[in-house]
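For reference, the structure is listed below as structure tokens.
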Amino acid sequence: MMKYAIAIDIGGTNTRVALVDETKTITDRKQFATNATDPNETLQAIADIIASYDCDIVGVGMSCPGPLDLIEGKILTPPNLTKGWHNFKIAEELSHLCGLPVYLNNDANLAALAEAVIGEGKDCRFVQFLTVSTGLGAGFTIDKEIYLGSHGFANEVANCIMIQNGPTHGNILPGGIEAISSGTAITTRARNAGLDVKHAGEVNDLAKEGNTTAQSIMADAKNYLANFIAFIYAYADPDIVILGGSVALKVDGFVEEVEALVKEKVFEVMKPFIKVRKSTLSEDSGLLGAACLAFSKVK
């Protein structure tokens, strides 16, 4: 009999619930508005959806807004959810409601797991994933398992400082990699420099048209991201680095140029092993990773 996992993505606006079979195919999905003030209402809605499925479900994988305590399975202080959600033991509470084991992780870690199991890293042991989108997130897997570190904060990389007293946005420290290479950073820096742009793709378009300000901003985004990836290779020696997110996937030539830059920043003996690739998974990578997590715990 086919076995299934439940994959959940709780966002600040919407919650997605998917039924995923052993072949890692999404066979059903539901979406509803997240109650930003009452986690119990959202969890009950999830439990009701799970109860409606008449099949052999092995467990639940779940992504939630960070920061998270991945050791205790609880949400800490998500900016888009009110205090009712703060320090909430969400994995334990949902498990009580649905009668299934629930495994919590963040979206970047789960996307990394999906890449390692069914994506570009499926033939690799050490897989590094970076999402270059609204923010800049990361996940690292070893032999198809997410590396969490001693406190669950491994690969929380957004604040890694690349430029002393550099640009910032939101709660990102000045010079943090997210404040230089993310889509939000590219757009914010361009607007602050007087450019009329809506997203990073428009900054890239201006750069290609010869706008020197846009060229400088895009060069920073690629160059410092390449510096950061070179650090990763020097420290962790992954088989592959996979880039996802809107900037990596939609800005023409971004990934290829970053790979070429990385090769300029490592020892000669390492150059043949540098492999920076674009994700081939859809926007469902987090849901698929959540399902992979649930299936892995059964095994």
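- A donor-acceptor pair under 3.5 Å is absent between the side-chain atoms of Asn35 and the main chain of Thr42, judged by distance alone.
- Under the 4.5 Å side-chain criterion, counting only non-hydrogen atoms from C-beta, Leu148 is in contact with Asn109.
- In this structure, Ser95 contributes its side chain and Leu100 its backbone to a donor-acceptor pair below 3.5 Å.
- Under the 3.5 Å distance criterion, the side-chain polar atoms of Glu22 are matched with a main-chain donor or acceptor of Lys3.
- A donor-acceptor pair is defined here as one N or O able to donate and one able to accept, closer than 3.5 Å; such a pair exists between the side chain of Tyr233 and the backbone of Lys275.
- Side chain to side chain, Thr34 and Thr15 meet the donor-acceptor criterion of an N or O pair below 3.5 Å.
- The OG atom of Ser182 lies 8.0 Å from the CD1 atom of Ile172; values are rounded to the nearest 0.5 Å.
- Within the structure, every pair that satisfies the salt bridge (charged side-chain N to carboxylate O under 4.0 Å, His left out) test and touches residues 210-238, not counting sequence neighbours, is listed here: Arg189-Asp220, Lys222-Glu257.
- Without hydrogens or angle criteria, Gln128 side chain to Gly139 main chain gives a donor-acceptor distance under 3.5 Å.
- Between Val251 and Val132, the closest side-chain pair of non-hydrogen atoms is not below 4.5 Å.
- In this structure, the separation between CG on Asn106 and CG on Asn155 is 9.0 Å, given to the nearest 0.5 Å.
- Of the listed residues (His151, Lys89, Lys74), just one forms a side chain to side chain contact (heavy atoms under 4.5 Å, CB included) with Asp69, and that residue is Lys74.
- Between Phe140 and Phe126, the angle of the ring planes stays under 30°, which puts this pair in the parallel group of the 30/60° scheme.
- With hydrogens and angles ignored, the 3.5 Å screen pairs a side-chain donor or acceptor of Asn159 with a backbone N or O of Leu173.
- Contact detail for Thr187 and Val203: the closest heavy-atom pair is CA-CG2, 4.4 Å.
- One N or O on the side chain of Gln215 and one on the backbone of Ala207 form a donor-acceptor pair closer than 3.5 Å.
- Judged by distance alone, with hydrogens and angles left aside, the side-chain atoms of Thr82 form a donor-acceptor pair with the main-chain N or O of Ala36 at under 3.5 Å.
- In terms of modelled atom types and a separation under 3.5 Å, the side chain of Thr188 and the main chain of Ala185 share no donor-acceptor contact.
- Formation of a donor-acceptor pair under 3.5 Å by the Thr184 side chain with backbone atoms of Gly135 is not found in this model.
- By the 4.5 Å heavy-atom criterion applied to side chains, Asn223 and Lys265 are counted as neighbours.
- Inspection of the Glu115 and Ser279 side chains reveals an N or O donor paired with an N or O acceptor under 3.5 Å.
- A donor atom on one side chain and an acceptor atom on the other are found under 3.5 Å apart for Asp48 and Gln44.
- Atom CG of Asp284 is separated from atom OG1 of Thr25 by 11.5 Å, given to the nearest 0.5 angstrom.
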